Amino acid sequence: AQSVTQLDSQVPVFEEAPVELRCNYSSSVSVYLFWYVQYPNQGLQLLLKYLSGSTLVESINGFEAEFNKSQTSFHLRKPSVHISDTAEYFCASMNTGFQKLVFGTGTRLLVSP
Amino acid sequence: DVKVTQSSRYLVKRTGEKVFLECVQDMDHENMFWYRQDPGLGLRLIYFSYDVKMKEKGDIPEGYSVSREKKERFSLILESASTNQTSMYLCASSAQEGVEAFFGQGTRLTVV
């Protein structure tokens with residue numbers, strides 16, 4: 001069955017510190033993987049995606065994620081966070097050949113000064 | 001600019017009422033989705049549609065139905081609203097597999 005697990009419900013971190021938000025997926029077929037971000041009182045927007053090719057994908061605001069097939073993971077990282085990165089982050093998967101998009105439970109990133 | 005529009009930001013309905021949540025996209029997308037978002041549970045898929053008049057159940061379809069008579073519009077129907085359906089409802093659309101899904105701003109539904 002298709003599923004996504006985000007083990008950390010909340011990650012507190014100080015400004016300029018590195019952060020990693022964990023995501024593991026389960027699927028019997030090949031998958032596409034996504035990270036979405038939801039800022040307070042806003043809708044979800046795509047942060048980055050893995051479809052094929054290079055296993056390391058990057059966003060325009062300094063986040064990156066690496067697809068690891070052997071560990072079925074797609075962890076999100078940023079070397080130095082800003083206050084403005086405070087948001088909820090959702091990992092999602094879509095099995096290739098299907099349209100069903102499944103989300104994890106989300107991780108709330110709290111960046112403090 | 002791409003747009004997914006949900007008809008209401010906030011709704012308050014009474015138990016037992018029939019409730020319609022409307023979603024319109026202007027991107028000619030084939031796929032449309034309805035999710036509910038609850039604290040600690042993330043986004044859970046209720047129904048999705050990959051073409052006009054085509055629909056598939058998601059993970060939590062009980063108590064809901066959907067309608068897609070036109071490509072741009074996807075409606076979520078609560079046949080008889082109950083308090084446990086109080087939630088944030090999110091609509092999304094996408095062009096094809098593997099392409100970004102665009103989300104509406106959400107409808108916060110309260111059933112009293």
Side-chain angles (χ1 to χ4, degrees), chain A residues 1-10 21-27 29-53 57 59-60 67 74 87-109, chain B residues 1-6 8-10 23 25 27 29-52 54-61 66 68 71 74 87-108:
Chain A
Q2 181 186 3
S3 67
V4 176
T5 302
Q6 294 180 251
L7 288 174
D8 306 306
S9 60
Q10 191 165 289
L21 307 184
R22 296 180 293 169
C23 172
N24 288 88
Y25 68 93
S26 173
S27 175
V29 298
S30 298
V31 295
Y32 301 131
L33 296 164
F34 308 84
W35 276 100
Y36 283 82
V37 59
Q38 186 178 36
Y39 298 103
N41 299 314
Q42 294 188 28
L44 272 77
Q45 52 189 281
L46 182 69
L47 188 61
L48 47 78
K49 62 186 176 185
Y50 169 78
L51 304 182
S52 64
V57 291
S59 72
I60 57 173
F67 170 59
F74 190 56
E88 189 151 22
Y89 292 79
F90 293 93
C91 184
S93 76
M94 180 186 288
N95 288 348
T96 58
F98 297 88
Q99 289 77 38
K100 185 179 178 182
L101 182 62
V102 174
F103 284 82
T105 52
T107 298
R108 191 172 296 277
L109 177 64
Chain B
D1 202 13
V2 298
K3 207 160 188 181
V4 178
T5 303
Q6 295 183 231
S8 305
R9 288 297 302 272
Y10 301 94
C23 176
Q25 50 97 0
M27 297 165 282
H29 283 170
E30 288 78 18
N31 305 322
M32 295 189 75
F33 307 83
W34 275 108
Y35 295 88
R36 62 177 284 177
Q37 182 179 11
D38 300 288
L41 297 177
L43 277 73
R44 292 180 291 167
L45 182 63
I46 305 172
Y47 269 97
F48 67 102
S49 168
Y50 49 90
D51 201 350
V52 175
M54 306 302 288
K55 60 186 180 184
E56 284 202 24
K57 293 181 179 179
D59 299 316
I60 52 164
V66 290
R68 193 165 181 203
K71 190 174 186 179
F74 192 36
S87 185
M88 171 69 84
Y89 290 87
L90 295 171
C91 176
S93 72
S94 70
Q96 56 187 332
E97 67 169 76
V99 177
E100 175 180 357
F102 294 86
F103 281 82
Q105 288 293 95
T107 297
R108 186 166 294 282

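Quantities reported herein were computed from a predicted structural model and do not represent experimental measurements. Protein chains get the first letters and strands the later ones, always in sequence-line order, with residue 1 at the start of each.
Among B/G40, B/A101, B/G106, B/G104, the residue making the largest number of heavy-atom pairs under 4.5 Å with chain A is B/A101. Of the residues considered (A/L101, A/V31, A/L33), A/L101 shows the highest number of contacts with chain B, using heavy-atom pairs under 4.5 Å.
Contact of the B/D59 side chain with the A/Q2 side chain is not registered, since no non-hydrogen atoms from C-beta on lie closer than 4.5 Å. The shortest distance between side-chain heavy atoms of B/L43 and A/L44 falls below 4.5 Å.
Residue A/F90 comes nearest to B/Q37 through the heavy atom pair CZ-NE2, 3.4 Å, listed as atom of the first residue, atom of the second, then distance.
Heavy-atom distances place the side chain of A/Y36, and not its backbone, under 4.5 Å from chain B. Looking at B/E56, there are no atoms closer than 4.5 Å to chain A (heavy atoms on both sides), in backbone or side chain. The part of A/Q38 that comes within reach of chain B is its side chain, from C-beta onward, which places non-hydrogen atoms under 4.5 angstrom from that chain. Of the two parts of B/R9, only the side chain, counted from C-beta on, holds a non-hydrogen atom closer than 4.5 Å to a non-hydrogen atom of chain A.
At distances below 3.5 Å, not a single donor-acceptor pair connects side-chain atoms of B/Y35 with backbone N or O atoms of A/F103.
Within the structure, the salt bridge (charged side-chain N to carboxylate O under 4.0 Å, His left out) test picks out no pair touching residues 89-98 of chain A (sequence neighbours left out).
For A/R108, the CZ atom is loosely surrounded, since the number of other residues' heavy atoms within 6.0 Å does not exceed 12.
Residues of residues 45-52 of chain B placed with any heavy atom under 4.5 Å of a heavy atom in chain A are listed by number as B/L45, B/F48, B/Y50.
The structure places CD of B/E100 at 15.5 Å from OH of A/Y32, a figure rounded to the nearest 0.5 Å.
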